[in-house]
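Report on one structure; see the data block that follows.
Values below: all heavy atoms of this structure, side chains included; hydrogens, waters and symmetry mates excluded. A note on names: the letters A, B, ... follow the listed sequences, proteins ahead of strands, and every chain is numbered from 1.
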Amino acid sequence: MLKDFISPFDATVVKILQDSGADIIGKTNCDEFGMGSLNIHSTHGPVKNPVGLYQVNGLVEERSAGGSSGGSAAAVAAGICKAALGTDTGGSVRLPASYCGIVGLKPSYGLVSRWGVISYADSLDCVGVLATDVQTTKQVFDQIALYDELDPTSAPNEIRAKAFKHIEERTVHKEGAVGILKGLRVGIPQEYFPSEMSPSIIQHVRRVISKLKEHGAEVISVSLPSTSYALSSYYVLATAEASSNLARYDGVQYGSYVKPPPGTELTKTSKIYAHTRTTNFGKEVQKRILLGTYALSAEYAQRIRQLICDDFNGVFAIPNYFSDLIERQQELNGQCVDVLIHPSAIRTAPLLSEAKTTGPNLDTYLQDVLTVPASLSGLPALSIPVNIDNDEHTKLQNEIRWPIGISIVGQWGTDQLVLSVGAAMEALQH
Amino acid sequence: MLLRRVYTRSLNSRAFHDLRTYQDDPRWPGWQVIIGIETHAQIKSRRKLFSDTFTPEGDELPNTKVSPFDAAFPGTLPKVNPKCVDLAIRTALALRSKISMRSSFDRKHYFYSDQPLGYQITQQYSPIATHGVLELEMPRAAPIKVRIKQIQLEQDTAKSTFNPRLQKSYIDLNRAGAGLMEIVSEPDLRSPEEAGAYVRTLQSVLRAVGSSDGNMEQGSLRCDVNVSVNRKGEVPGTRCEIKNLNSVKYMMAAIVHEIKRQTQFLDTNPGATVPQETRGFNENTFETYRLRSKEDAPDYRYMPDPNLGVLVLSQARIDDIKTNLPSLPWDIRSRLVSKYPSLNAKEKSLNVLINVNSGKEIGFDGENSGGAVEYFEELCQTPVTGGSRPTVRDPVVLLNWLTHELLGQLASRKETFSDNPLSASQFGELVDLVQDGTITGTSGKHLLRHMLANPSSRRPREIATELQLVALTSTSSSQSTTSSDSSVISELEDLCRSAVSNLPCEVAALRAGNKNVLNKIVGYVMKKSRGRADATATRELVEKMVMQDGCKLTCDPVQMCIIEYVTGLGHLRDPCVPIGAVNEQRKKGLPPPLPSQTRLANTVMLAGAGTHIRNFH
């Protein structure tokens, strides 16, 4: 649809990075309009996970890099660049980061400007950072997390300051990279270990958690009971917003115009637009637009979204300062955790052949099950790779070791705390 | 934004409770007509509703007032223009509405080429204001209270023009995204006339508070009208909506046609209900026509806009707007009349003043450019300049000068009141100069013209002296300096003397007792003095000169008289022949009646020239 479209202006994030001296070396592949979890719905073809192509033992496996920002993750994993930007609507930065074995940050909603980001679902879209390590991720994030008056959902500085105060309290007098873990209250949400999850992932995550305990973190099991509804709520809301946001691609203003065949009733606008939209939108995009069009009322999905937010606010030590229902949060019984930790995905990167043959089915939507709750609540979430070098199973089988990601989720605005915890965990594993 | 609230559709099917008592209309006896109006008023803000592009003023080239957001470029986001919100609050306050401290924006989806986004951002579920009232003054009837259901902010569409020859549509995005207020009335109107009064009153309110130009011809105000009819005492009928009416006249005509159409339908189809339709109005036939039926009504798939979130207003902001709210026309009028009772008789001029004060005179974004009323009151409050003791200026005189001379001259310069370069103190002094006789009325007008053409901060007295406009008067005015006084008087005397000598016939006639001739002589002096001569002083002086033998005639008056008579050049043929008789002859194509010898002789004798009368036959 927008293959030949060149925007007359730069996105705020691109502008900031260029102004700070960054070299923008190119654009990367992604799922069309960010819709997909495997980066296979692209006019440029699927993104191949570089991990499978660079194995030393000569094995070559074509696996998905994850989506939708699969190209960005692959570029970082392949060493083409130090860091890349991506957009995360329901996990599109964290999932590919997890599959490609790199770091991916979805910042708090409203901290990074969306001006210049092609909207998929405005209330969920976030610009995220993908990089080789937490330090680089932080470096990029620190630059781009600025208030932008061009973005109506950009968080004003006074709200940012409230959340930052909490981080200061938590990080003060903490020495060294892992010093932050001392006294840190880490919540483990029990709903984030579904039956579909591969056992080796659970095993690795457990190992990381026990290391956290060793370094003084207080590990608490918490419950976020509405999690099971998150995925359905997400798909209703995201597709409803998408069907609205993508209405502008009608071939008149945007998208190459497809002439209606002879005999078409030209007096009806919809008849003329239909041909352009049918020809130019990919199958996955068409499917989501139609889903969204039929979601006549997103009321229930909104209510579920609220329940999910309530769940999070119930476990975190501080309230969500970005929410306009701050009074409501006071009633929730706080379990006072600083961060939540859970696996980033239920599995490792799937084979591309697998994805192609089975075609899109409900399982592909399941990829997002662990990432969408943070998106629905606008919380910061960081996926870092788990050290799998000493994985006995893969060693024995002489198989490619496919990366596993672990996510750290914080209350709104505590991105720096999440990054600090991520850095500590990174340090622990080496 | 994150935690958005749950939206519920407002209940449309409420029980109908009629606040109005039924009145029979001889045009459609036995029928009750129910009318509700949706008005779209373009907000008079400098910039558009969600982008910082300038609002087009109508004379721009197509697609020159467009930013990436207005053209719905991918990656752009809306941002509420607070000035538009302020103007909507002004409107809400003027319509005595309940202002929502929290309102929100929704997307109304439909595909059309004049809608680049594919949806219109509006306020369907949670408008900025609800429950307002607009009171209509009706001639020979009690005022009508029309309830305002809601006021909502929304985007205007682009303008599309169809070229039938080329079979092409052209899109001009200048208007796309400009701010609109949709003002929805309750179905409280009962006749086309009331509907007309509603729109006119609404226009004057919008203009008064400066929130819209309210100009239907230029499209800054557009109306959709809902009309239903029912037999007296029965439940209201099904309504039909007539879309896009762009003048009050057309709107009233459309309602009349719609009433006739619906009553005819019900008469010929007993027991049936009028099919619910959206209709258009044909400006050539004065009839409405079907656009679409209820079944074809589009599903707009309203959805809360995820970018704009909740629009939160503080009480302080509303209070601030309330304190600075420009007065409504009827409030201004009653205030002025109670303050200056003498203005009560000057209804027309007062209307001019109030009309100029409102609407166009408030700048973009509601900026106060100093209204005409404010100017007028400043004039009234300042005592007469230069007087030894403070004297109050006459408001009627000021109003006349302001509405007739100042506005008139501005209009002839194709300027409006906002272009007026004269400060209130300058204009006030100018009127004072005329009032105290320092300059004549004619000179005052001349001075005003000069000051409009050459704006400066100089005092009118200074300019008047420089332009030699100071009146030629015999009586010394209080302001005149002694040195110039004598010279001024002598100049007037000179002028009068030359008039008397140059107009012997008239002088003769005057001596013969024809007082009307005096006006001509005075007019001559006025002309020669370029309007500086004071009429009263001149009149006195001329009379004195003529009657007191104080001058010598330089030519034969009879001869002059005869020459004028024969050639028909003069205004007066024979001072003793009434002008009516002259005209009577002229109409018949005959020469004017000859003056009788005796009369002529008498005239000459009276003139005291002592010359004999020639027989010119």
Pair B/Tyr112, A/Tyr273 - check side chain to side chain contact (heavy atoms under 4.5 Å, CB included), show working. CA-CA 9 Å; B/Tyr112 205 73; A/Tyr273 288 7; 5.5 Å; no
Apply side chain to side chain donor-acceptor pair (under 3.5 Å) to the pair A/Ser244 and B/Arg301, showing each step before the final yes or no. CA-CA 9 Å; A/Ser244 170; B/Arg301 297 191 295 116; over 6 Å; no
When A/Pro152 is tested against each of B/Asp305, B/Leu77, B/Val80 for side chain to side chain contact (heavy atoms under 4.5 Å, CB included), which residue passes? B/Leu77
For the interface with chain B, which of A/Asn245, A/Leu150, A/Leu2 has the highest count of heavy-atom pairs at distances below 4.5 Å? A/Asn245
Tell me whether A/Asp122 is salt-bridged to B/Arg107, with the criterion being a basic N under 4.0 Å from an acidic carboxylate O. yes
Here the gap from B/Asn307 atom CG to A/Asp151 atom CG, rounded to the nearest 0.5 Å, amounts to 7.5 Å
Can you check whether anything in residues 111-120 of chain A gets within less than 4.5 Å of chain B, heavy-atom wise, and list it by number? A/Arg114, A/Trp115, A/Gly116, A/Val117, A/Ile118, A/Ser119
Sequence neighbours excluded, the answer for side chain to side chain contact (heavy atoms under 4.5 Å, CB included) partners of B/Tyr300 is B/Lys108, B/Tyr110, B/Arg292, B/Pro298, B/Tyr302
Which atom of B/Lys79 lies closest to which atom of A/Glu149, heavy atoms considered: CD-O, 3.0 Å
Between B/Pro68 and A/Phe9 the two heavy atoms that sit nearest each other are CB-CE2, 3.9 Å
Verify side chain to side chain contact (heavy atoms under 4.5 Å, CB included) between B/Tyr119 and A/Arg248, making sure each step is shown before the conclusion. CA-CA 8 Å; B/Tyr119 54 82; A/Arg248 69 186 70 185; 3.5 Å; yes
Options B/Pro74, B/Gly118, B/Pro78, B/Ser113, ranked by heavy-atom pairs under 4.5 Å with chain A, top entry: B/Pro74
Side chain proximity check, A/Lys271 to B/Phe111, heavy atoms < 4.5 angstrom: no
Got a sec: does the NE2 of B/His131 have more than 12 other heavy atoms crowding it under 6.0 Å? no
What option among B/Thr76, B/Asp52, B/Leu173 has the most heavy-atom pairs under 4.5 Å with chain A? B/Thr76
Neighbour count above 12 (heavy atom, 6.0 Å) for A/Tyr147 OH: yes
With sequence neighbours excluded, tell me which residues meet side-chain hydrogen bond (donor to acceptor under 3.5 Å, both in side chains) with B/Arg317. B/Asp86
Check side chain to side chain contact (heavy atoms under 4.5 Å, CB included) between A/Thr279 and all other residues, then give those that pass, not counting sequence neighbours. A/Val258
